[in-house]
Structure formats: C-alpha cells, structure tokens
Amino acid sequence: MDTERDILSLLDHVAAGTVRPEDALLQLKLAPFEDLGYAKVDHHRGLRQGVPEVIYGQSKTPEQIAGILAALQARGCSNILVTRITQETADFLAKEVEIKYNPLAKLAVAFPQKTEEHGSIVVATGGTSDMGVAEEAALTAEALGNSVTRVYDVGVAGLHRLLSNLEPFMTARVVIAIAGMEGALASVIGGLVDCPVIAVPTSVGYGASFGGVAALLSMLNSCASGVSVVNIDNGFGAGYLASQINHMGDCRK
C-alpha cells in the first residue's frame, strides 16, 4: 500500500465484504516498512508524501540497490529515483530491473512510466560545467510530474545571454538557479521573476571557491527576495522542492 488510493481501495473491499477485516489488518501491519536486513524500505512514503522512497545510491552496493528496488516493485511502485550512481552500477541494475540512466546527472529512474507535465519549472545554470547538477534537478522534477524548461550557460559573465532568454522565466512557477564560482546567478534571477527561486551552489570553481562554499555563502546572502538555498551540488533536493511548490494550489501558468 503505497498511496492513499490503495488504502481506500482496501477499505472499500472490507466494506463490500470481499476482504476479511483480519486480512486487511495484516496488510496494514505489513505496509509501513519492510526490513531487508541492510535497509528498512519505507512503503508508507508514498502515502505520506505522494512519492515513493528515493534511493540514495552512493555508498550502497549494486546488490543492495537492486534489493530495495525489488521490494518497491513488489508494492507496485514506479518512477523510483536512484541518485548518485556510477555507470557501472547502472549497468548492473539494468540486468535486474528496467531503468533509464543519465550519466551526466548520475541518476536513474527505475520502472519508468510517463507522467503528466504539470505547471512550469525552469532550470538555469551559470555555466556548462554546472549541467550535471542541473540535470539531476531537471530529471527529478520531470519524474515527479512537472514540465521542465532548461536554460543553460546564462551566467553573469555574459548577462546578455540571460536577458535574451527571459520568456520562460516570466511564465515559470518555480526557477532553479544553479551556479558555482561566485554564485551570483540566483540573485540576478531573483530580481527579475515573480516566483520562488531555489538556488543551488555547485562545487565548480577553484582556489577561494572552497568547493562551493563561496557560492553557498553568496546565495545565502542574496539581497533578492524570494530566494531559498539548498546544499552544495544538491540538484535532487532542488528538483524535489520545486516539484512540491509547483504542485501547490491552482496551476495558473
């Protein structure tokens, strides 16, 4: 039971007399999580948050990831995100389950299904070097049922590139601004749009960039209103948050 619909269906069967109350109680007892020994798979995540459990792949073995995916598949889950995995791990998983893997984002979608394209999220980067983080954000948002527009390499070193691509920003419900170096892109976009801006500092840079800390501090100190900040290189977190914002209330854009 991964969604509210599943639980309501079970209760309907109890009410109709096609499922015994004792059997329904057993299903509900088994539903919250499944202990695999190395992982406790959260089968109620979909019910609580509307999205199945996301698998953080880094530091997990391919066999562990495959086991978690099998447990989720048995409960009918689809579009399961597996983040931060290598091509080697993806190749192993592809022998076990159906996946779509993006090597730039290091992200896989297991048991992919077509989703609706809700609202409008724009993912923008300061430079081409930020595209790995950007694709993680964009693919996450798309897997969660959002329409995503990519506007890449529009950083402040050539501001005219951003200003010549303003139309998608003006109709967006959420913008994800991804940049390394000094991280100024988020402030510039924040001063132009009427929607929330999720700033993602990246570890792109050298010397005094301190692996993205300089961009993080710059974004945290933004003078533009409506800018929030996630962790360094956290494309997944930005894509997930953008999806939540995009699905709130009426879709007017």
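In this text, all values refer to a predicted model and were calculated from it rather than measured experimentally. Atom set for the values below is all heavy atoms of this structure, side chains included, hydrogens, waters and symmetry mates excluded.
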CD of Gln58 to OG1 of Thr89, rounded to nearest 0.5 Å, is 10.5 Å
Spacing of CG belonging to Leu241 relative to CD1 belonging to Ile176, to within rounding of 0.5 Å
8.0 Å
Check: Met170 and Val193 side chains under 4.5 Å, non-hydrogen atoms:
yes
Step-by-step side chain to side chain contact (heavy atoms under 4.5 Å, CB included) determination, Lys106 to Thr86:
CA-CA 6 Å; Lys106 297 182 179 178; Thr86 64; over 6 Å; no
Assess, by modelled atom type and distance only, whether the side chains of Gln87 and Asp91 contain a donor and an acceptor separated by less than 3.5 Å.
yes
Least distance between heavy atoms, Pro201 atom then Ala199 atom
CD-O, 3.8 Å
What heavy-atom pair brings Leu192 and Leu162 nearest, and what distance separates the two atoms?
CD1-CD2, 4.2 Å
Side-chain contact, heavy-atom cut-off 4.5 Å: Phe236 with Asn234?
yes
Which is it for Val156 and Glu182 under the side chain to side chain contact (heavy atoms under 4.5 Å, CB included) test, yes or no, and what are the steps along the way?
CA-CA 10 Å; Val156 297; Glu182 82 294 339; 3.1 Å; yes
Kindly say whether Ser147 contributes a backbone atom to a donor-acceptor pair with the side chain of Glu117 at under 3.5 angstrom?
no
Quick check against the 3.5 Å criterion: does Asn221 have a side-chain atom that pairs as donor or acceptor with the backbone of Leu217?
yes
For a 4.5 angstrom cut-off between non-hydrogen side-chain atoms, does Asp130 reach Leu185?
no
According to a hydrophobic-cluster definition based on side-chain heavy atoms being under 4.5 Å apart (Ile, Leu, Val, Met, Phe, Trp, Tyr only), do Val230 and Met131 belong together?
yes
Note, Ser243 side chain near Thr140 side chain (heavy atom, < 4.5 Å):
no
Kindly indicate whether the side chain of Arg150, heavy atoms from C-beta on, has any atom under 4.5 Å from the side chain of Glu135.
yes
Is there a donor-acceptor contact under 3.5 Å from the side chain of Asn102 to the main chain of Leu107?
no
Short side-chain to backbone donor-acceptor contact, Ser218 and Ala214, under 3.5 Å
no
Main-chain N/O of Ile85 paired with Tyr101 side-chain donor or acceptor, under 3.5 Å
yes
Gly183 and Ala179 have their tightest heavy-atom pair at CA-CB, 4.1 Å
Please answer: with hydrophobic residues joined when any side-chain heavy atoms are less than 4.5 Å apart, are Met219 and Phe210 in the same cluster?
yes
Pro112 to Asn79 - nearest heavy-atom pair and separation:
CA-OD1, 3.2 Å
Can you tell me how far apart CG (Leu220) and OG (Ser228) are? Round to the nearest 0.5 Å.
10.0 Å
Check Gly126 against Arg161 and note the closest heavy-atom contact, atom names and distance.
O-NH2, 4.3 Å
Would you say that more than 12 heavy atoms from the other residues, nucleotides or ligands in this model lie under 6.0 Å from the CD of Glu22, or not?
yes
Does some side-chain heavy atom of Val123 sit less than 4.5 Å from a side-chain heavy atom of Val148?
yes
Asp153 CG to Ser129 OG distance, which is reported to the nearest 0.5 Å
8.5 Å
Does any non-hydrogen side-chain atom of Ile178 lie less than 4.5 Å from one of Thr202?
yes
Pairwise distance CD(Gln64) to CG(Leu69) - rounded to 0.5 angstrom:
12.0 Å
Given side chain to side chain contact (heavy atoms under 4.5 Å, CB included), test His118 with His247 step by step and report yes or no.
CA-CA 7 Å; His118 182 91; His247 280 85; 3.8 Å; yes
Say whether, by atom type as modelled, one donor and one acceptor occur between the side chain of Ser209 and the main chain of Tyr206 under 3.5 angstrom.
yes
Phe111 reachable from Ile99 in the ILVMFWY side-chain graph, under 4.5 Å edges
yes
Verify side chain to side chain contact (heavy atoms under 4.5 Å, CB included) between Thr149 and Ile121, making sure each step is shown before the conclusion.
CA-CA 6 Å; Thr149 301; Ile121 295 173; over 6 Å; no
Determine the sole option in Cys195, Pro196, Pro168 for which the side chain to side chain contact (heavy atoms under 4.5 Å, CB included) test with Val175 is passed.
Cys195
Let me confirm one number: the CD1-CG distance from Ile55 to Leu81, rounded to the nearest 0.5 Å.
9.0 Å
Counting only heavy atoms not in Lys60, do more than 12 sit closer than 6.0 Å to its NZ atom?
yes
Please give me the minimum heavy-atom distance between Val227 and Gly190, naming the atom from each residue.
CG2-CA, 4.1 Å
Note, Ile245 side chain near Ile198 side chain (heavy atom, < 4.5 Å):
yes
